[in-house]
Enquirer: 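Below you will find the structure I want to go over with you.
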Protein chains: 2
Amino acid sequence: MPFPQTEIPGRLQKQLAGRGIRMTAQRRAILSVIEMATKHLDASQILRKARRVDATVDRSTVYRTLDLLKRQGLIDELDLMHIKGEGHYYERRLDRDHIHMACLRCGKITEFASKTFDSLKKQLERDCHFHIVVSRLEVGGYCSGCRR
Amino acid sequence: MPFPQTEIPGRLQKQLAGRGIRMTAQRRAILSVIEMATKHLDASQILRKARRVDATVDRSTVYRTLDLLKRQGLIDELDLMHIKGEGHYYERRLDRDHIHMACLRCGKITEFASKTFDSLKKQLERDCHFHIVVSRLEVGGYCSGCRR
DNA sequence: AAGCCTCTTGCGATCAGTTGCGACTGGAGA
DNA sequence: TCTCCAGTCGCAACTGATCGCAAGAGGCTT
């Protein structure tokens with residue numbers, strides 16, 4: 001997503017295979033679509049693009065694969081405040097959690113990484129004795145271009 | 001949700017009416033369910049409870065009312081990391097944003113308010129010139145009881 | 001109280017996401 | 001290479017959420 005030029009094709013595949021997870025043609029198609037994405041994709045977009053790679057990909061397979069990737073901690077699921085409908089978006093998980101900011105007027109998505117966010121998570125773990133596996137901070141409001 | 005004993009029945013209704021929003025019997029039923037809730041409710045639970053108040057409430061009316069309340073900034077929508085399925089949960093919006101922490105093992109939901117979270121939001125507004133209207137921080141992991 | 005008009009509703013259809021079943025197959029082992 | 005079996009797939013049905021339409025009604029004005 002943020003760094004398309006540095007993505008290494010086949011990395012998701014290697015990561016799954018390295019965990020003993022079976023690889024199929026359909027999964028390869030789906031993985032390649034996710035890796036090559038230059039913007040946030042929802043499930044139907046992933047399905048459409050994956051079908052261009054392999055026409056046998058079924059909708060339920062896309063959802064199952066996304067679910068697998070989520071459970072393996074390899075992708076993040078976002079709803080981007082549902083500004084474009086009820087669906088979810090998916091993106092590669094990077095090393096550092098970042099915040100998604102969705103403009104309620106123009107729909108622009110801004111991403112922001114912050115040390116304060118990292119500190120906040122550490123605080124949660126410490127104060128609540130909670131071991132964080134996945135976190136998601138999404139914000140809706142007005143971007144600089146749309147502010148009144 | 002966190003403070004059921006301090007909730008004032010009819011407050012949501014007054015808030016909507018004060019904004020010139022039309023009040024119906026169905027909306028009253030739905031609002032009372034949300035106000036009286038002592039735990040996070042999903043749409044079907046709200047529907048079921050609202051129907052006990054007024055049997056004419058339709059499912060689509062529940063969703064519409066929830067959407068209206070969201071847009072008016074009176075409730076928050078949470079997915080609680082979808083640990084209990086794909087649906088969403090709804091709760092009254094309080095003055096101070098808080099974080100939801102969902103245990104991936106036992107399903108327990110912990111809520112936490114933090115000054116660091118407030119600071120983080122201020123940082124976003126400042127650094128990105130973004131006016132925040134709504135924010136949501138959800139965390140999935142293992143609670144103190146389930147940690148290994 | 002009656003009239004009016006804009007908003008809201010129920011209902012059925014549709015879309016986002018999930019599930020169960022039987023058929024298929026990836027990949028490990030011989 | 002062949003066998004095998006546990007995992008995966010497509011498909012149809014189901015659930016969470018939304019949409020469009022015609023009928024109903026809230027609430028304001030007279």
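These numbers come from the heavy atoms of this one structure, side chains and all, not from hydrogens, waters or symmetry mates. Order of the sequence lines sets the chain letters (A, B, ...), proteins ahead of strands, with each chain counted from 1.
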Enquirer: Between B/H40 and B/H88, is the ring centre distance below 6.0 Å?
Expert: no

Enquirer: Expressed in angstrom and rounded to an integer, what is the separation of A/D58 atom CG from D/dA13 atom P?
Expert: 14 Å

Enquirer: Hydrophobic clustering (ILVMFWY, side-chain heavy atoms < 4.5 Å, transitive) - are B/Y142 and B/L137 grouped together?
Expert: no

Enquirer: In this structure, would B/I75 and B/M23 fall into the same cluster of hydrophobic residues linked by side-chain contacts under 4.5 Å?
Expert: yes

Enquirer: Can you check the B/L66 CG to D/dT18 P distance for me, whole Å?
Expert: 9 Å

Enquirer: Rounded to whole Å, please give me the gap between CZ in A/R19 and P in D/dG7.
Expert: 17 Å

Enquirer: With B/D67, which residues qualify under salt bridge (Lys or Arg N to Asp or Glu O under 4.0 Å), at least two apart?
Expert: B/R71

Enquirer: In whole Å, what is the span from the CD atom of A/Q13 to the C1' atom of C/dG26?
Expert: 13 Å

Enquirer: By salt bridge (Lys or Arg N to Asp or Glu O under 4.0 Å), which residues pair with B/R96, not counting sequence neighbours?
Expert: B/D118

Enquirer: Enumerate all atom pairs, one protein N or O and one N or O from nucleotides 15-17 of chain C, separated by less than 3.5 Å.
Expert:
unit_1	atom_1	unit_2	atom_2	d
C/dG17	OP1	A/H88	N	2.7
C/dG17	OP1	A/H88	ND1	2.8
C/dG17	OP2	A/Y63	OH	3.0
C/dG17	O4'	B/E86	OE1	3.3
C/dG17	N7	A/R59	NH1	2.9
C/dG17	O6	A/R59	NH2	3.3

Enquirer: Can you build the contact string for nucleotides 20-30 of chain D? Use B for base contact, S for sugar-phosphate-only contact, and - for no protein heavy atom under 4.0 Å.
Expert: BB---BBS---

Enquirer: Checking A/K49 now: which residues fulfil salt bridge (Lys or Arg N to Asp or Glu O under 4.0 Å) with it, not counting sequence neighbours?
Expert: none

Enquirer: Sort and list the pairs that fulfil salt bridge (Lys or Arg N to Asp or Glu O under 4.0 Å) and have at least one residue in residues 131-144 of chain B, not counting sequence neighbours.
Expert: A/D79-B/R136, B/D79-B/R136, B/R136-B/E138

Enquirer: B/R71 has an atom CZ; how far is it from atom P of D/dT18, in whole Å?
Expert: 11 Å

Enquirer: Is the cationic atom of A/K121 (NZ for Lys, CZ for Arg) positioned less than 6.0 Å from the six-membered ring centroid of A/F117 and within 45 degrees of its normal?
Expert: yes

Enquirer: To the nearest angstrom, how far is B/I83 atom CD1 from D/dG16 atom C1'?
Expert: 17 Å

Enquirer: Are A/L68 and A/L66 connected into the same hydrophobic cluster when the rule is that any two of I, L, V, M, F, W, Y join if their side-chain heavy atoms are below 4.5 Å apart?
Expert: yes

Enquirer: May I have the distance from B/H82 (atom NE2) to D/dT15 (atom P), rounded to whole angstrom?
Expert: 18 Å

Enquirer: Please report, rounded to the nearest Å, how far the P atom of D/dG16 is from the CD1 atom of B/I46.
Expert: 13 Å

